[in-house]
Amino acid sequence: MTKPGKKRTRAASGVAGGSRNEEPGEGGADEAVGFIAEQTAALRKLAERHKLDVLHYLLGMTQLEADEHLRLRTKRKLS
């Protein structure tokens, strides 16, 4: 909590001048989205196997969103 009369400030990100989406040692947004798409596909199969219909549907939507993000990023890079 903050003391009365003091304003909250944001914590520094620790990445000087870098992208806020990329941490040191990580592959960046494209690699993250690819990983999410792969893991979502596996989780979706698991949800289907156990007849968890709502989770299966939501994971399918997540997988579609990740695939679309990758498709658009690839398209932009080719332009």
Side-chain angles (χ1 to χ4, degrees):
M1 289 194 88
T2 59
K3 293 182 181 179
K6 294 215 176 201
K7 291 185 179 179
R8 288 181 142 181
T9 58
R10 284 185 145 177
S13 67
V15 181
S19 171
R20 65 187 169 109
N21 294 331
E22 293 185 29
E23 294 293 324
E26 290 188 1
D30 290 341
E31 187 174 328
V33 171
F35 178 77
I36 290 168
E38 289 174 16
Q39 295 305 309
T40 302
L43 290 170
R44 187 168 187 244
K45 288 178 186 176
L46 183 63
E48 182 180 33
R49 190 177 322 134
H50 292 283
K51 296 178 179 34
L52 301 169
D53 297 333
V54 174
L55 282 174
H56 180 259
Y57 172 78
L58 292 173
L59 289 165
M61 296 300 291
T62 303
Q63 187 177 5
L64 286 173
E65 183 67 23
D67 290 342
E68 179 72 0
H69 182 81
L70 283 175
R71 187 184 70 77
L72 291 174
R73 294 279 299 230
T74 304
K75 189 175 180 179
R76 274 188 238 133
K77 285 182 179 179
L78 294 176
S79 297

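Please read all numbers here as calculations on a predicted model, not as lab measurements.
Rounding to the nearest 0.5 angstrom, the gap separating the OG1 atom in T40 from the CG atom in D67 is 9.0 Å. Note that CG of L52 and CG of L43 are 11.0 Å apart. Values are rounded to the nearest 0.5 Å. Atom CG in D53 sits 9.0 Å away from atom CD in E48 (nearest 0.5 Å).
Considering every non-hydrogen atom in both A41 and Q63, the closest pair reads CB-NE2, 3.4 Å.
A donor-acceptor pair under 3.5 Å links the side-chain atoms of R44 to the main chain of H56, judged by distance alone.
Across E65, R71, R73, a single residue satisfies side-chain contact (heavy atoms from CB on, under 4.5 Å) together with H69, and that is R73.
Residues satisfying the side-chain contact (heavy atoms from CB on, under 4.5 Å) criterion with L70, sequence neighbours excluded, are V33.
Counting non-hydrogen atoms of neighbouring residues, nucleotides and ligands closer than 6.0 angstrom, the CD atom of E68 exceeds 12 such neighbours.
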